[in-house]
Amino acid sequence: MRLFGTFERPSNTNFKVVRLIPGDREDLPPAYRVKSASEGHERMVKEDEIRLA
């Protein structure tokens with residue numbers, strides 16, 4: 001998958017979903033922890049910020 005949305009530019013790096021972040025409100029989109037092979041850290045992204053690659 002690739003990241004879009006609030007980032008400065010679309011990412012050309014592929015990311016893997018590590019886990020779902022449980023939401024406490026039904027009116028907010030699901031969020032996920034994602035990680036790429038080229039980064040040593042995870043990111044949190046909302047569902048509307050990702051696209052299947």
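Computed over heavy atoms, backbone and side chain alike; hydrogens, waters and symmetry mates excluded. One is the number of the first residue; the rest follow in order along the sequence.
Among all heavy-atom pairs drawn from A31 and M44, the shortest one is CB-CG, 4.4 Å.
Residues meeting the salt bridge (charged side-chain N to carboxylate O under 4.0 Å, His left out) test with E42, sequence neighbours left out: R19, R33.
Proximity of N14 to S36: side-chain heavy atoms (C-beta onward) are nowhere separated by under 4.5 Å. Contact of the Y32 side chain with the V18 side chain is not registered, since no non-hydrogen atoms from C-beta on lie closer than 4.5 Å. Here the side chains of F15 and E39 are in contact, with some heavy-atom distance below 4.5 Å.
Considering NZ of K35 and NE2 of H41, their distance stands at 9.0 Å, rounded to 0.5 Å.
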